[in-house]
Amino acid sequence: MLARLLLIVIGFFLPCIALQAALQLPNSEKIQAEMDLLVDTSVLPAQKLLNKADKAVRRGVKSHDKGKYLKAISYFDKAIDLSPLNSIAYYEKANSQAALNQLAEAYSNVVRALVLAPGMEAAHVMKASLLDDSGDAGGAIIAWDKLLLIHPESFMAWLNKGITHLKIKDYRVAENAFRQATRLEAEHPSPYYFLFVSSAMQDFHYDEIKYIGQYLEVAGQDSRRSIVEQRHKELTANTVYVNPKAEYPELEMLKQTLRMIWFTTLHRETYPDERGYKRSLKEECYVAEKLISFWILHRQDLGDIEYLAELKAMQDNNYLEAYFYLQLVDVIGDVDLAWGQENQALITAFEAWNNIRQQHTADN
C-alpha cells in the first residue's frame, strides 16, 4: 500500500508548488461518532463472510492497479457489506475515490479506516494528503504531526510534511523535514528533489546546484530527471552572447564576460555566506571600473560615451558604491544592505552631489 502512496508525490513538479482554493471536507468528528456507534452495535461476521470480504478487497486492489477505479470501488463496497468493520476496505475505497478526484468521499472513508485502525500509517498519510490537496494546509500539518507522534520514523510523513510547508513558503521547516526524509531513505530521489525546489523558490542557486548533484546521484530513471538536468545546464551555462547590432560590441562583450566571471566564480568567492548569486555592489563597481578603463584606453576609436562619462565622474568622487547601492537596494544581499546602513552619510552626500550635477546638466 505504501508503494502506491508514492504516486501522491512522485509527479509533483516545480510549477505545481502553489496553494489551491480550499475545498470543504466532511466533518471528521461526525464520521468518527457514526463509526463508534457502528463498532458498538456490530456483530463480528462469521469467518466465511470475513474470507469473502478479504477476497473482494484483493479483487478491488487489482482493479485499482489497472486504473478501473469504479469497478474497484464496487468490490470495496461489497467487502464493507460483508464486513462493516473492515478498515482495509475503507482505506482502499478512499484510495480509489482519491484517484477519481472525489476528495470529500475519499476523506470520509479514510477517516472511517482510522477509527477502525488508528495506527494505520498509510491511512494517516492519505488523510493528511487529502487535507493538503483540498487547500487546508493547516489541517494537513496537524495531521502530519499526529502521524509523526505515532510513527516518528515515517519517511512518507516527513516528505509530505515538507511539501505542505513548502507550499506555504515555510522554507526552514520544509527543508528540515526533507532532510529527515533523506536520513530515513538516503537513496530516494524525492527529498533531494524538493530540497532543490525549495532552493529554486528562494533563488539560492548555489544550494540548487548542491541538491541537484545529490538528486542525480540517486535519481535513476525518475520522471523529473529531465527537468532537473535542464535547470543544471541553466545554472552552469557560461555562454556569452552579444547582439551583433549592439552600438558598442567590444564594450558589450567585455561587460558580458565580466558578469559571467562573477556569476560562475567571483561572487561565490567574494560572498561565501550567500546561498545563491545576487547582484552586488562589488560586482557593479568591478564591471564599471573595467569598462571605464577600456573606454579610456580606446577612447579615440569609441568616442565619448555619456553613461561611461557619468560613471567616471562618480568614480573620481568615490561615489560608485553609493550609486549602485541606490540602484540595487531591492535585490542585493545582507552584506551590501549592511554597507548601506554603515555608509548613510556617504549615500546622502552622493545624492546631493548628483542632484547638483543633474541640475547643472539641465541648465546647460
Side-chain angles (χ1 to χ4, degrees), residues 203-209 231-362 364:
D203 291 328
F204 291 160
H205 305 143
Y206 305 148
D207 284 4
E208 279 190 76
I209 292 172
R231 179 58 178 162
H232 187 258
K233 289 180 181 178
E234 293 171 2
L235 290 169
T236 56
N238 55 8
T239 302
V240 173
Y241 171 77
V242 177
N243 187 337
K245 296 181 179 180
E247 186 176 3
Y248 303 104
E250 304 95 332
L251 282 170
E252 187 64 25
M253 174 67 76
L254 176 60
K255 181 169 67 174
Q256 296 298 332
T257 302
L258 294 171
R259 291 207 180 281
M260 182 57 64
I261 292 171
W262 268 87
F263 182 77
T264 54
T265 57
L266 279 181
H267 181 272
R268 198 163 195 175
E269 294 171 2
T270 309
Y271 298 88
D273 295 328
E274 289 282 1
R275 297 178 66 186
Y277 167 83
K278 288 180 179 290
R279 290 180 66 184
S280 65
L281 304 188
K282 291 185 179 180
E283 175 184 349
E284 298 306 314
C285 291
Y286 178 88
V287 171
E289 288 166 355
K290 295 294 184 183
L291 291 177
I292 291 167
S293 297
F294 183 86
W295 172 56
I296 291 173
L297 186 63
H298 298 278
R299 195 166 185 172
Q300 185 174 348
D301 297 324
L302 294 170
D304 287 327
I305 299 175
E306 185 178 354
Y307 79 90
L308 286 178
E310 291 179 352
L311 290 177
K312 178 67 167 62
M314 294 175 195
Q315 181 189 47
D316 292 343
N317 288 276
N318 296 316
Y319 285 143
L320 272 182
E321 280 183 301
Y323 169 72
F324 287 121
Y325 177 84
L326 293 173
Q327 294 290 313
L328 303 175
V329 67
D330 293 331
V331 298
I332 54 180
D334 292 341
V335 172
D336 287 338
L337 287 174
W339 180 92
Q341 294 169 355
E342 295 166 3
N343 291 274
Q344 194 58 52
L346 178 63
I347 293 170
T348 301
F350 161 71
E351 290 180 307
W353 173 85
N354 198 38
N355 286 336
I356 294 172
R357 187 179 65 86
Q358 290 177 340
Q359 184 61 48
H360 178 74
T361 301
N364 291 332

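Remember, it's a predicted structure, so these values are computed and weren't measured experimentally.
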List the steps and the verdict of side-chain contact (heavy atoms from CB on, under 4.5 Å) for L302 and L251. CA-CA 9 Å; L302 294 170; L251 282 170; 4.2 Å; yes
Test: salt bridge (Lys or Arg N to Asp or Glu O under 4.0 Å). Region: [range]. Which pairs qualify, not counting sequence neighbours?
| range | answer |
| --- | --- |
| residues 239-252 | E252-K255 |
| residues 306-315 | K312-D316 |
| residues 288-300 | R299-D304 |

Kindly write out the residues that satisfy side-chain contact (heavy atoms from CB on, under 4.5 Å) with K278, not counting sequence neighbours, or none if the list is empty. H267, E274
Those residues at least two apart in sequence (or on a different chain) that pass side-chain contact (heavy atoms from CB on, under 4.5 Å) with T264 are M260
Please name all residues satisfying salt bridge (charged side-chain N to carboxylate O under 4.0 Å, His left out) with [X], sequence neighbours left out, ordered by chain then number.
| X | answer |
| --- | --- |
| D301 | none |
| D336 | none |
| E284 | R259, R279 |
| E234 | R231 |

[X] side, atom [atom1]; [Y] side, atom [atom2] - distance, nearest 0.5 Å:
| X | Y | atom1 | atom2 | answer |
| --- | --- | --- | --- | --- |
| L281 | L337 | CG | CG | 8.5 Å |
| F263 | L258 | CZ | CG | 15.5 Å |
| I209 | T236 | CD1 | OG1 | 6.5 Å |

Check whether any side-chain heavy atom of [X] lies under 4.5 Å from a side-chain heavy atom of [Y], and answer yes or no.
| X | Y | value |
| --- | --- | --- |
| D273 | D334 | no |
| H298 | Y248 | no |
| R268 | H205 | no |

Minimum-distance pair of heavy atoms, taken over all atoms of S280 and Y271: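 The answer is CB-OH, 3.2 Å.
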What donor-acceptor contacts under 3.5 angstrom involve side-chain atoms of residues 338-353, with partners at least two apart or in another chain?
{"from": "N343", "atom 1": "ND2", "to": "W339", "atom 2": "O", "distance (Å)": "2.8"}
{"from": "T348", "atom 1": "OG1", "to": "Q344", "atom 2": "O", "distance (Å)": "2.9"}

Output side-chain donor-acceptor pairs under 3.5 Å for residues 319-329, partner residues at least two apart or in another chain, one line each.
none

For F204, give me all partners under ring-ring contact (aromatic ring centres under 6.0 Å, His included), at least two apart in sequence or on another chain.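 Counting only residues at least two positions away or on another chain, F204 forms no ring-ring contact (aromatic ring centres under 6.0 Å, His included).
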